[in-house]
Amino acid sequence: MKLMVIGSGGREHAIIKKLSENPEITKIYVLPGNAGMSDLAECVSIAATDIDAQVKFACENSIDYAVVTPDDPLALGAVDALTAAGIPCFGPDKKAALIEASKAFAKDLMHKYNIPTADYAVFDDMDKALAYLHEQTCPIVIKADGLALGKGVIIAETMTEAEKAVRSIMADRSFGDAGKTIVIEEFLTGPEVSVLTFTDGKTLVPMVSSMDHKRALDGDQGLNTGGMGTIAPNPFYTPEIAEISMRTIFLPTIRAMEAEGRPFRGCLYFSLMLTKDGPKVIEYNCRFGDPETQVVLPLMQSDLFTVMKETTDGTLRAEDVRFSDGAACCVIMASQGYPGKYQKGFEITVDDSVKDNVIYAGAAWKDGKLITNGGRVLGVLGMGKDLKEAIARAYENTEKVTFANAYCRKDIGSKAL
Ligand code: AMP
Ligand code: GLY
């Protein structure tokens, strides 16, 4: 069987590693991929958003199944186009991907179907947004409606900051067209949990819970990044909270999407905040999380391809989704300076003993050597019987990976211990 995976980061490397365990899969292409995954998949230089080229490639190369994981191709309709060309796909169609592509849509969906989330209002008129803002108290959260590389969320501590955020998103279009519409939202507090789930539109099966670390510096200081490390499971997500989340959030969401004529198939990722009033939705993502996937999939004991195919075919069975009760930790090694300016092109060396624990996000080949080619360069995985052991192993393993200007947080998972 020949597979095609669309994307290029650590998430895609983790997915490809897991898919490769299936002996029936004889070939994986990745579009465009990165050099660090080229032992498992053939990198094809077609951009993740070039849907026409993807369809052409899939047809010419008799691809049996495609896995679409980044948000932009999903929002642009990659799954619709591939499916129309006869290629079965993992991932939601364009209509269902709106749950991530428009925060206003997601908030209105939650409001209409009584799914717990922060109070909010949606505006496409700046004067009305500013007038509403003046009736609120700070801190307050301002979000660009559309996809903004995960950066379209501003938490304003003061009214001056809040006004500045509204003007910068709506008038200056600091996030481009993503900011035509904004959501102004109540500020919530509590531990954050990521729950990735498989769903075929009717049945939903959660994966093991996880915790991301979005800020660049130790102690959750510094700028927001694409994620500096993850752990799984997330100890704040108790069986009781899992039961409440399933009943009040997960199932109501897939039923709501079905009722709206947008049945969701693929991985629906719930970003939750555990408030004193119970779990509430911070946001939905229509895809696997990065770097959550890097800790979740290594704990999966069943076959990923089987489960993916079941979500496509509408035959998902809970018994096919099994996780170990161990723990995993992924520490991101980034280029010094990320998420701001950084240098790249430095040679990466990895000791053989940890080769299988390295998940590449931004690497390239140069003269037969692997070099750094991004802000987030790679993730280093540690597995253990519990979180303490997994975290210690992940940090031990980072000692065996070197490149110039490497930077990692030293406190991944410490909140969880
Ligand atoms: P997002 O890009 O939507 O994941 O938001 C980025 C981060 O902003 C989240 O991980 C939260 O830490 C924070 N955030 C988003 N919405 C809220 C909210 N309503 N209250 C408090 N924090 C929030
Ligand atoms: N880990 C956050 C995200 O994938 O959006």
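Counting starts at 1 for both ligands and their atoms, in listed order.
Using modelled atom types and a 3.5 Å distance limit, the side chains of Thr181 and Asp124 yield no donor-acceptor pair. Between the side chains of Ser210 and Glu292, no donor N or O sits under 3.5 Å from an acceptor N or O. With 3.5 Å as the limit, one finds no donor-acceptor pair spanning the side chains of His13 and Gln294. Checking Tyr338 against Asn405 by side-chain atom types alone, no donor-acceptor pair falls below 3.5 Å. Under 3.5 Å, the side chains of Thr117 and Lys107 contain a donor-acceptor pair of N or O atoms.
Taking a cut-off of under 4.0 Å to the non-hydrogen atoms of Gly289, the atoms of ligand 2 that pass are 4 (O). Heavy-atom proximity to Arg287, at under 4.0 Å, picks out these atoms of ligand 2: 3 (C), 4 (O), 5 (O). The distance from ligand 1 to the heavy atoms of Glu186 drops below 4.0 Å at these ligand atoms: 18 (C), 19 (N), 20 (N). Against a heavy-atom cut-off of under 4.0 Å, Asp212 is close to the following atoms of ligand 2: 1 (N), 2 (C). Heavy-atom proximity to Asn285, at under 4.0 Å, picks out these atoms of ligand 2: 5 (O). Listed by number with element, the atoms of ligand 2 under 4.0 Å from a non-hydrogen atom of Tyr269 are 1 (N), 2 (C), 3 (C), 4 (O). Proximity to Phe187 (heavy-atom distance under 4.0 Å) selects the following atoms of ligand 1: 20 (N), 21 (C).
Counting only heavy atoms of the protein, atom 16 (N) of ligand 1 lies nearest to Lys143 NZ, 3.1 Å. Closest to atom 8 (O) of ligand 1, if we only count protein heavy atoms, is Val153 CG1, 3.8 Å. In this structure, atom 4 (O) of ligand 1 lies nearest to the protein heavy atom Glu283 OE2, 2.8 Å. Closest to atom 17 (C) of ligand 1 among all protein heavy atoms lies Ile282 CD1, 3.6 Å.
Put simply, no part of Phe288 is less than 4.0 Å from ligand 2, judged by heavy atoms.
Backbone and side-chain nitrogen or oxygen atoms of Leu188 are examined, and one is located within less than 3.5 angstrom of a nitrogen or oxygen of ligand 1.
In this structure, of Lys214, Glu185, Glu192, the residue bringing a heavy atom nearest to atom 19 (N) of ligand 1 is Glu185.
Between atom NZ of residue Lys164 and atom CD of residue Glu161 there is a gap of 7.5 Å, rounded to the nearest 0.5 Å. Leu274 CG to Lys280 NZ: the interatomic distance, rounded to the nearest 0.5 Å, is 12.0 Å.
No close placement of the Tyr342 and Tyr407 rings is indicated, their centers lying 6.0 Å or farther apart. Between Phe270 and Tyr284, the ring centre distance stays below 6.0 Å.
Around NZ of Lys202, the count of heavy atoms belonging to other residues, nucleotides or ligands within 6.0 Å does not exceed 12.
Residue Glu292 touches ligand 2 through its side chain alone, judged by heavy-atom distances below 4.0 Å. Using a 4.0 Å cut-off between heavy atoms, Ile155 contacts ligand 1 through its side chain alone, with no backbone atom that close.
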